[in-house]
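Here the structure is laid out as structure tokens; the discussion comes afterwards.
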Protein chains: 2
Amino acid sequence: MPSPRKFVSAREVAERAGVSRSAVSRAFTPGASVSEDTRRRVLDAANELGYHVNHLARGLSLKESGIVCLVGSELGTPYRASLVKAMTQAAQDAGKVAMVINTDRSDASVGAALRQALHYRADASIILSGLPDKSITRLCLENGQRIVLINRDDDQEGPLRINLQDDEAARRALIAFLRAGCRRLAFANSEAGTPSLMARERGFLAAAGTIGLTVTVERFGPSIYDSGRELARRLLTAPERPDAVFCATDLIACGFLDTARHEFGLAVPEDLCVTGFDDIEQAGWSSYSLTTFAQPVSDIAREAFAWLRLTPEEATRRPAAVALEARMVWRRTVRGSAPAPSPAARSAAES
Amino acid sequence: MPSPRKFVSAREVAERAGVSRSAVSRAFTPGASVSEDTRRRVLDAANELGYHVNHLARGLSLKESGIVCLVGSELGTPYRASLVKAMTQAAQDAGKVAMVINTDRSDASVGAALRQALHYRADASIILSGLPDKSITRLCLENGQRIVLINRDDDQEGPLRINLQDDEAARRALIAFLRAGCRRLAFANSEAGTPSLMARERGFLAAAGTIGLTVTVERFGPSIYDSGRELARRLLTAPERPDAVFCATDLIACGFLDTARHEFGLAVPEDLCVTGFDDIEQAGWSSYSLTTFAQPVSDIAREAFAWLRLTPEEATRRPAAVALEARMVWRRTVRGSAPAPSPAARSAAES
DNA sequence: GGAACCCTTGCACACGGTTGCAAATAGAGA
DNA sequence: TCTCTATTTGCAACCGTGTGCAAGGGTTCC
């Protein structure tokens, strides 16, 4: 019964409305020259027939598909999921639609994903994880496809790079630890080695170095909860147990906290101070109450689409990199109370 | 510098390779009739020029875009995110690509989302939440667009409906509670009123009714963590405090557990048994160790795409609804040990 | 050498839109 | 009523691809 693929086309609408096919097209094009009368007639006919403009054909002739490609891995993870959510929403607000490509299979598949984006003539690609090699990036750029890199601290020319001030966050974490009286510092990282994770690690070590403190660094596995558990076992059985741990992500921090409390019987923040990074929803759950740094997800999405709405000429005039502040979210895994917010954070909170 | 939109087309490849344009098309079409020699020449030329088949044009002429639309709300939520992840992966494995449309703004926008799917001539739409009205559904079906409804217990003809055996899960939860010696039962639900949530509630009440037990039902807010907290406050201050609570989702259960433990000082499972539903990742974190029922996310995705790969004729011959088992995941929020698994579950575990 | 056959190739049309250009129509002013 | 102008309309070409059809070329078999 469901005879497939019988979409109604502009010609049928034209016949029914008694106008030409181009009139139909114009009726659906905002700025076009149509009389109010025919416009009505066309819209009515279209409604009765269930007509929907074919965006494939429109994209073909306009050379603009209205598609934005989101490529990333681990999309089920709280932070990534919130980014996908924000991006799809922002895309729709900008009159576009998001096509999401999962690159969990392998890191090389970022290239494959971008090829897919080229196939569909996506207006832009937003890369949430992994890093495409320069050749494919250049190919996209040459074909007029815009690229946005999120938290990839790459130095390629052409893409917009949106990053967080990871080192500033690390510095503030250190200050908080010091105010709490901690001196035996540790950094719990995954082995993923992504630019932002490494920037946090370097920033923390550098800040500690300026006041002559050393940091125990431990790295293990991917950036997931279970890695946090293993990292806790390694760090907390060390001869000189740390009294403050900066975890590279909230997921790691949650695993770390659970193991510290349930396996080692430690009290947080009394015996041990912990911070995370991302401010995933679970960080606010009362089993964790994790002091952490917020990824300004909506701001990231807003920056990305603001840049995409520029013309290519404007975009090249604009600086190709923005660094957003990761606001500190003070909860209860660090002793003491919140320090005065930075001026930038305060003015943001007031607006 | 980035002069926009200068994609290379098949004609240019044809000129470079010294063949006709149709030869290029055939070189990229698996079953087509081309000699190995020209095929090589075309592929080489395409590579040098950076040619990528235009899927918009291909979709236009094939009447098959290769796009599958995922529409849903609350995509940042753990369960939804895992579903999106599984679906995008399954789409790619099936040689398609997922377009995701966020319907957070309003529930009426499911219709708008489906219109968008029509615009892009999506081969199918998969609806994760909300329910389209019959008129728009029929419009999609008439246009040859397949529809899959996940956990929407609707009775429309045409779409594939994938559901879980919610009532069976509720029955097993009840049995577990009874084996733990609980008699004062409660059901903690949100006010969302979606079919699957209500099916769990009804199933639990019905099962309890058959042995003459009554259930205190409380409903509050959306299906989120904070609702679980509020539900705990309401249920645990009642004159006759329940000793077993079935939470409609894991998110609610996590909030419920945190409040029960931290605000009311209750021990779980000693003072109170709790189950959830979904088996989100956090349910396995050691702060919760929640006994729950797993949404077989990969199976759901597999079912959906298996059905989509059928021809329309085959699909209509096939039953239009499947009910998957929600396997019980036994952890530590219910007293006692896991009952013998059901035969179905055991054979699944062995494979 | 000629006929029958198969594989490969190119032509031309279709898919469903958009848009420049010229014709037609309506409206205004003398 | 006639002319001039502004708006609306239709024609036709184009976007980039797939494919039926017929023609070309090579091989095999008699």
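Below, chain A is the first sequence line, B the second, and so on; all start at residue 1.
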Spacing of CG belonging to A:Asp104 relative to CD belonging to B:Gln92, to within rounding of 0.5 Å: 9.0 Å
Under 4.0 Å protein heavy-atom contact, by nucleotide of nucleotides 7-18 of chain D - B base, S sugar-phosphate only: -BBBB-B-BBBB
Relative orientation of the end axes in the helix from C:dG1-D:dC30 to C:dA30-D:dT1, expressed as an angle to the nearest 10° (five pairs per end): 40°
Would you please name every residue forming a side chain to side chain donor-acceptor pair (under 3.5 Å) with [X], sequence neighbours left out?
X	value
B:Glu12	none
B:His52	A:Arg115
A:Arg302	A:Asp299

Option from A:Lys63, A:Lys96, A:Arg146 for which salt bridge (Lys or Arg N to Asp or Glu O under 4.0 Å) with A:Asp123 holds: A:Lys96
All pairs passing side-chain hydrogen bond (donor to acceptor under 3.5 Å, both in side chains) where residues 21-32 of chain A contributes a residue, at least two apart: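 Pairs touching residues 21-32 of chain A that pass the test: A:Ser20-A:Ser22.
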Output field: ring centroids B:Tyr120/A:Tyr120 closer than 6.0 Å: no
